Trainee: 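After the structure tokens below, expect a handful of questions from me.
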2 protein chains.
Amino acid sequence: MTEHAARFDPVCPSGIAPIHIGDKWTAMVICLLAEEPMRYSTIRTQLGPVTAKVLTATLRDLERNGFVARSEHPGPPRSVHYGLTELGRTLLPAIALAVGWAHDHLGAMLDAQESYDREHARRDRADLR
Amino acid sequence: MTEHAARFDPVCPSGIAPIHIGDKWTAMVICLLAEEPMRYSTIRTQLGPVTAKVLTATLRDLERNGFVARSEHPGPPRSVHYGLTELGRTLLPAIALAVGWAHDHLGAMLDAQESYDREHARRDRADLR
DNA sequence: CGGAATCCTCTTCGATACTG
DNA sequence: CAGTATCGAAGAGGATTCCG
């Protein structure tokens, strides 16, 4: 079954959680490519709101680090496929750990933030007098 | 035995590796506090080249997330201690995984970078003609 | 001693428009 | 289709100075 819509929640915890892989879109790209090699425009569609510039920069960085391999098929219409390398697969446990941590402890972290912010809002109001 | 000099290699891989915990100094602070609670100035000395502003921001963020607890002992001279909470300790496996990954695969990643850069330096020179 | 205030630079991300 | 070029906004991190 082929998915044609974005597959990542816009409020996905990857921006909130304290464990990060690469930069903003890196972990999501790796997760996509872990299933199967994929062409540029497919990655773009699946990710949702990422600009071509940023996606290209992300893929270039992944390629430079040896995590993904790029293969160009001449056209027209031409297509460029990206796939995870063996080295790239070594990052999957790290992503799994990050997801697991978020599942287990993100709620506690958000509660702590709320308490902290509430406490310091009270202090700030008190400081005004 | 008390250490009075910085304990982190200035070229520590934590800035190069693709797995990050929090921001620049977060993982190192957590590693320090994992051994024992510590006062502000001790953390500062152990970390080495971190400014007061950035260390304070890092500790505030950790405190807000519920990862460290702050306890103030009035003076003079006053002292403020920071210690890991139970929630904070849940991040230790993530740090261990990051360190383990770097130990196992960082060399391969750096080799890939070198090949990539060499390859693209050749291409760039060729493109000039 | 443990910060806070201010100023600065560098990088990251996104929006937009254009191209082989 | 798979990018590149340019611009601008925002935040992270550091240097410096001052404070209770």
Side-chain angles (χ1 to χ4, degrees), chain A residues 4 6 8 10 12 14-16 18 20-29 32-33 37-65 68-83 120 123-124 127, chain B residues 4 6 8 10 12 14-16 18 20-29 32-33 37-65 68-83 120 123-124 127:
Chain A
H4 286 289
F8 290 92
C12 168
S14 52
I16 306 167
H20 304 285
I21 314 296
D23 35 37
K24 186 169 180 181
W25 302 94
T26 307
M28 286 180 275
V29 170
L32 282 179
L33 298 183
M38 214 171 276
R39 54 192 300 183
Y40 183 89
S41 53
T42 308
I43 301 173
R44 193 145 154 50
T45 319
Q46 299 275 313
L47 284 184
V50 62
T51 62
K53 176 197 166 186
V54 174
L55 178 56
T56 300
T58 302
L59 290 167
R60 286 280 181 281
D61 191 54
L62 284 166
E63 194 192 353
R64 191 175 97 100
N65 289 338
V68 308
R70 197 187 98 118
S71 60
E72 193 160 346
H73 297 254
R78 70 163 172 156
S79 69
V80 179
H81 284 74
Y82 293 89
H120 285 254
R123 279 200 163 279
D124 288 351
D127 287 351
Chain B
H4 285 292
F8 290 92
C12 169
S14 50
I16 306 167
H20 304 285
I21 315 297
D23 36 36
K24 186 169 181 182
W25 301 95
T26 307
M28 288 180 273
V29 169
L32 282 178
L33 298 183
M38 213 173 280
R39 56 192 299 186
Y40 183 89
S41 54
T42 308
I43 301 174
R44 193 145 153 49
T45 318
Q46 300 274 313
L47 283 185
V50 62
T51 62
K53 176 199 167 188
V54 175
L55 178 55
T56 300
T58 303
L59 289 168
R60 286 281 182 282
D61 191 55
L62 284 166
E63 194 193 354
R64 191 173 97 100
N65 289 337
V68 308
R70 198 186 97 116
S71 59
E72 194 160 346
H73 298 255
R78 71 163 175 153
S79 68
V80 179
H81 284 73
Y82 292 90
H120 285 254
R123 280 201 161 281
D124 289 350
D127 288 350

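Letters A, B, ... are given to chains in the order of the sequence lines, protein chains preceding strands, and every chain is numbered from 1. Note that the structure is a prediction, hence the values are computed from the model and not measured.
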Trainee: Could you pull out the closest heavy-atom pair between A/Leu32 and A/Gln46, with the gap in Å?
Mentor: CD1-CB, 3.7 Å
Trainee: As an exercise, state the distance from CG of A/Leu59 to CZ of A/Arg64, rounded to the nearest 0.5 Å.
Mentor: 14.5 Å
Trainee: Please walk me through it: do A/Leu55 and A/Val29 pass side-chain contact (heavy atoms from CB on, under 4.5 Å)?
Mentor: CA-CA 9 Å; A/Leu55 178 56; A/Val29 170; 4.2 Å; yes
Trainee: In residues 48-55 of chain A, what residues come within less than 4.0 Å of DNA chain D, judged by heavy atoms?
Mentor: A/Ala52, A/Lys53
Trainee: Which pairs of donor and acceptor atoms, one on a side chain in residues 69-77 of chain A, lie under 3.5 Å apart (sequence neighbours left out)?
Mentor:
residue : atom : partner : partner atom : Å
A/Arg70 : NH2  : A/Glu72 : OE1          : 2.5
A/Glu72 : OE2  : A/Arg78 : NH1          : 3.0

Trainee: Any chance you could measure A/Leu33, atom CG, to A/His81, atom NE2, to the nearest 0.5 Å?
Mentor: 11.0 Å
Trainee: Identify, between A/Lys24 and B/Ser41, the residue whose nearest nucleotide on DNA chain C lies closer to the 5' end.
Mentor: B/Ser41
Trainee: Quick one: do A/Asn65 and A/Leu62 satisfy side-chain contact (heavy atoms from CB on, under 4.5 Å)? Show the steps, please.
Mentor: CA-CA 5 Å; A/Asn65 289 338; A/Leu62 284 166; 5.7 Å; no
Trainee: Strictly by salt bridge (charged side-chain N to carboxylate O under 4.0 Å, His left out), give each pair with a member in residues 37-52 of chain A just once, sequence neighbours left out.
Mentor: none
Trainee: Report for the helix from C/dC1-D/dG20 to C/dG20-D/dC1: angle between first-end and last-end helix axes, five pairs each, rounded to 10 degrees.
Mentor: 50°
Trainee: Give every donor-acceptor pair under 3.5 Å between a side-chain atom in residues 21-28 of chain A and any protein atom, sequence neighbours left out.
Mentor:
residue : atom : partner : partner atom : Å
A/Asp23 : OD1  : A/Thr26 : OG1          : 2.7
A/Thr26 : OG1  : A/Asp23 : N            : 2.9
A/Thr26 : OG1  : A/Asp23 : O            : 3.2

Trainee: Do any pairs count as a salt bridge (charged side-chain N to carboxylate O under 4.0 Å, His left out) and have a residue in residues 48-61 of chain B, sequence neighbours left out, and if so which ones?
Mentor: none
Trainee: Using the test side-chain hydrogen bond (donor to acceptor under 3.5 Å, both in side chains), find all partners of A/Tyr40 that sit at least two apart in sequence or belong to another chain.
Mentor: A/Thr56
Trainee: Please find the earliest and latest nucleotides of DNA chain D, in the 5' to 3' direction, that have an atom within less than 4.0 Å of any heavy atom of chain A.
Mentor: D/dC1 to D/dC7
Trainee: Mark yes or no for whether B/Thr45, through its side chain, and B/Ser41, through its backbone, hold a donor-acceptor pair below 3.5 Å.
Mentor: yes
Trainee: With heavy atoms of chain A within less than 4.0 Å as the criterion, where does contact along DNA chain C begin and end?
Mentor: C/dC13 to C/dG20
Trainee: Rounded to the nearest 0.5 Å, what separation is found between the OH atom of B/Tyr82 and the OG1 atom of B/Thr42?
Mentor: 12.0 Å
Trainee: Base, sugar-phosphate or nothing for B/Arg39? Non-hydrogen atoms, less than 4.0 Å.
Mentor: sugar-phosphate
